[in-house]
Protein chains: 2
Amino acid sequence: MKLLLVEDSQRLRNALKKGLEKEGFAVDAIGDGAEGLEWALAYDYDVLVLDLMLPGMNGLDLLARLRNAARQTHVLILSAKDQVQDRIRGLELGADDYLIKPIDFNELVARLKALVRRRYAAKSPITTIGAVKVNTALNQVWCNDREVALSPKEFALLQFLLAKRGRVMSRDLIRDHLYEGYGDVTGNVIDVVVCKIRKKVRVAGQADLIQTKRGFGYVIP
Amino acid sequence: MKLLLVEDSQRLRNALKKGLEKEGFAVDAIGDGAEGLEWALAYDYDVLVLDLMLPGMNGLDLLARLRNAARQTHVLILSAKDQVQDRIRGLELGADDYLIKPIDFNELVARLKALVRRRYAAKSPITTIGAVKVNTALNQVWCNDREVALSPKEFALLQFLLAKRGRVMSRDLIRDHLYEGYGDVTGNVIDVVVCKIRKKVRVAGQADLIQTKRGFGYVIP
DNA sequence: GAAGATTAAGGTTGGATTAACGTTTGGGTG
DNA sequence: CACCCAAACGTTAATCCAACCTTAATCTTC
C-alpha cells in the first residue's frame, strides 16, 4: 500500500514513516507543500496523510488543487486541536477523514487501513480463499486454522495482490506499490518474496494461492 | 511509435532525436512552441515530449491548448530542477509524467515506452467480437466462455490489431510496434504468431478473428 | 546476533524465433 | 477456360534464450 505523508515537522515525519513502514505501507515522506502536491499528482497513492500547517503551500490549498485535478486519492488530514475551521474546510474540500494532534498511532493506522479498504471496495478486513484466511486489520494470516507469521514485506505483497484480486499485476506495478520512490529497486526481489509467501502459505494438494502468468506477472485468482 | 519532441535547445533536440530514433521512435523535432502546437494538433502522435521553456509559446500554454482541443495524447514534460510550480501546473493541466533536467536518457526511454504501453492498453478494456472476448486490462481472452491463455507476444499482437480494428496492418507496421528499437527482425515471425493466435482462438464453423489481406497484411474486421 | 531484506547463482521451464515444408492464391499462357 | 507457376501465406517442429523458481549467502536494522 503506497502512502504519501506530507508533514512539516521532521521529527514526526520520520517517526510516522518508520512506524507506517512496519505496518506494511510504502511511505514517501515530504516536508514541503508544493513538493507534496507534485508527488500527489505525479503518482497514484493509495492514501495521503496531510498536515495542514506546511511551508511552501498550505495543506488546504494542496487538497483543493488535488481535487481540482480530479484526483480521487483518499486523504486523511492531521490538524491541531484549535484548527476547527480548517478541519471543516478540509472536509468540504474532499478530505475523507481527520485526526487531531497529538496523534494516537494505532488509531492512525486503523483509519488508514479503513481508507485503503474503502478504496478497494472491501467491506470486511477478512478475506478467505480456500484454506487461507487473511486479516488486513491485524496483519494476520491463517492457513488451515494455524497462524503463519509473514514478514511486513511479505504481508504487504500478499495484501496488494489481494486488493487487486483477479487482476494480473506486473512486477513493475508491484514494485511501485511496495517500495518508496519509483523504479529504483532492481533484481528479483519480488520473485523471492513471492516464493517465501508460497512456501509459508502452502496447502498440500492444492494450487498455490499466488499464481504466475509468465511474461505478465502474478495473480490471486 | 510516432513521437513529437518540442525542445528549445537545438543541441539537446538533435541529440534526443537521434537517440530516440535509434530506439525505434519516429521523431518529429520542433524548436518553437506555436509550431509545436500545430504539429501536435495536426497529427495523432503516440507521445509528446515537451520542454517547458520555449520561444513562441510557453510549454504550459501549449499543453493547455492541446487539452482544450480534447486531445488525449500522452505528454511527458521536461523541466529544470527549480521549476516546481510549473511542473505542478503541468500535471494539473493533464501531463502524464515529467523528467527533471539533466535527463537520464535511459530513464526517458523507459518512461516513454511506459506511456505508449498505457496508451494502447487504456482504450476500452473489453472488446467482444463474435464468440471472442478480449480484456486488455486483465490480459485475458475468452473464447466461447472459456479462457484461453495467450503468450505476451501473442497478446500484444492481438491487442494491436484490435486497436487498429478495421484497418489492414502490414507486417512491417506490426513488426515496428511489437519490436520497438531492435529494428531488424526478419523472417516470418508475425505469420507464426498470427497462426498461434488463430489456433487458440478458433471457433468451429466461424471465420477466423484475424483475416489476411493477401499482399497487404492482417485485419480484424 | 537475530530477523528480515536483498543480492547472487544455479537449475528448470516455456515462449520466441528460425527454418523447413506444405498449402493457397492469383495472374499469365496456351 | 483449364492449366501451371511463383509468390504469398500457413503450419509444424527444433532450437535457443529469457523468465522464472529456489536456495544460499550477504547486507541491514534493531
Side-chain angles (χ1 to χ4, degrees), chain A residues 14-15 17-27 139 141 148-161 168-181 183-202 207-219, chain B residues 139 141 148-161 168-202 207-219:
Chain A
N14 289 340
K17 182 171 154 72
K18 276 197 184 162
L20 290 171
E21 278 172 350
K22 208 170 263 171
E23 287 290 330
F25 290 95
V27 181
N139 288 11
V141 179
V148 290
L150 294 194
S151 79
K153 200 114 264 178
E154 289 159 12
F155 191 83
L157 175 42
L158 180 60
Q159 191 181 351
F160 178 64
L161 286 180
V168 181
M169 291 290 119
S170 72
R171 285 171 174 70
D172 280 352
L173 267 163
I174 294 172
R175 251 201 344 247
D176 286 349
H177 251 87
L178 289 193
Y179 293 87
E180 57 186 277
D184 314 316
V185 183
T186 59
N188 62 341
V189 200
I190 306 296
D191 301 49
V192 175
V193 176
V194 167
C195 175
K196 287 186 172 172
I197 297 175
R198 281 174 171 158
K199 203 168 18 172
K200 289 183 179 177
V201 186
R202 184 131 47 194
D208 274 334
L209 181 69
I210 300 175
Q211 297 189 5
T212 115
K213 295 286 168 198
R214 174 175 257 254
F216 296 105
Y218 296 103
V219 219
Chain B
N139 292 358
V141 179
V148 290
L150 294 195
S151 80
K153 201 111 267 177
E154 290 159 11
F155 195 84
L157 174 43
L158 180 59
Q159 195 176 336
F160 177 67
L161 286 179
V168 181
M169 291 290 119
S170 72
R171 286 172 174 70
D172 279 351
L173 265 163
I174 295 172
R175 247 205 340 255
D176 288 349
H177 272 269
L178 292 190
Y179 300 87
E180 306 157 24
Y182 305 101
D184 31 40
V185 180
T186 59
N188 60 342
V189 198
I190 306 296
D191 300 51
V192 174
V193 176
V194 167
C195 172
K196 285 187 174 173
I197 297 174
R198 281 174 170 158
K199 197 161 39 165
K200 288 183 180 177
V201 186
R202 184 129 49 194
D208 273 334
L209 181 69
I210 300 176
Q211 298 189 5
T212 114
K213 293 292 169 196
R214 172 174 254 254
F216 296 101
Y218 296 102
V219 218

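Values below: all heavy atoms of this structure, side chains included; hydrogens, waters and symmetry mates excluded. To find a chain, count down the sequence lines: A is the first, B the second, and so on, and within it residues start at 1.
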Phosphate OP1/OP2 of C/dA16: any B/Tyr179 side-chain N/O under 4.0 Å: no

Sugar-phosphate only, base, or nothing, as touched by A/Lys22 at under 4.0 Å among non-hydrogen atoms: nothing

Measure from [atom1] on [X] to [atom2] on [N] and round the result to the nearest Å.
{"X": "A/Ile197", "N": "D/dT22", "atom1": "CD1", "atom2": "C1'", "answer": "15 Å"}
{"X": "B/Glu154", "N": "C/dG14", "atom1": "CD", "atom2": "P", "answer": "15 Å"}
{"X": "B/Lys200", "N": "C/dA16", "atom1": "NZ", "atom2": "C1'", "answer": "12 Å"}
{"X": "A/Lys196", "N": "C/dA5", "atom1": "NZ", "atom2": "C1'", "answer": "7 Å"}
{"X": "A/Ile190", "N": "C/dA8", "atom1": "CD1", "atom2": "P", "answer": "16 Å"}
{"X": "A/Gln211", "N": "C/dG14", "atom1": "CD", "atom2": "P", "answer": "14 Å"}
{"X": "B/Leu150", "N": "C/dA16", "atom1": "CG", "atom2": "C1'", "answer": "15 Å"}
{"X": "B/Leu157", "N": "C/dG15", "atom1": "CG", "atom2": "C1'", "answer": "15 Å"}

Expected output: side-chain A/Arg198 to main-chain A/Ile210 donor-acceptor under 3.5 Å: yes

Main-chain N/O of B/Ala149 paired to B/Lys200 side chain as donor or acceptor, under 3.5 Å: yes

Contact summary for A/Ile197 and A/Leu158, nearest pair of heavy atoms: CD1-N, 4.1 Å

A/Leu150 to A/Glu154 - nearest heavy-atom pair and separation: CA-OE1, 3.4 Å

pair B/Ile174-B/Leu161: side-chain heavy atoms closer than 4.5 Å: yes

Under 4.0 Å protein heavy-atom contacts per nucleotide of nucleotides 6-11 of chain D, with B for base, S for backbone only and - for none: -BBSSB

Pairs involving residues 207-219 of chain B, ordered by first then second residue, that meet side chain to side chain donor-acceptor pair (under 3.5 Å) (sequence neighbours left out): B/Arg171-B/Tyr218

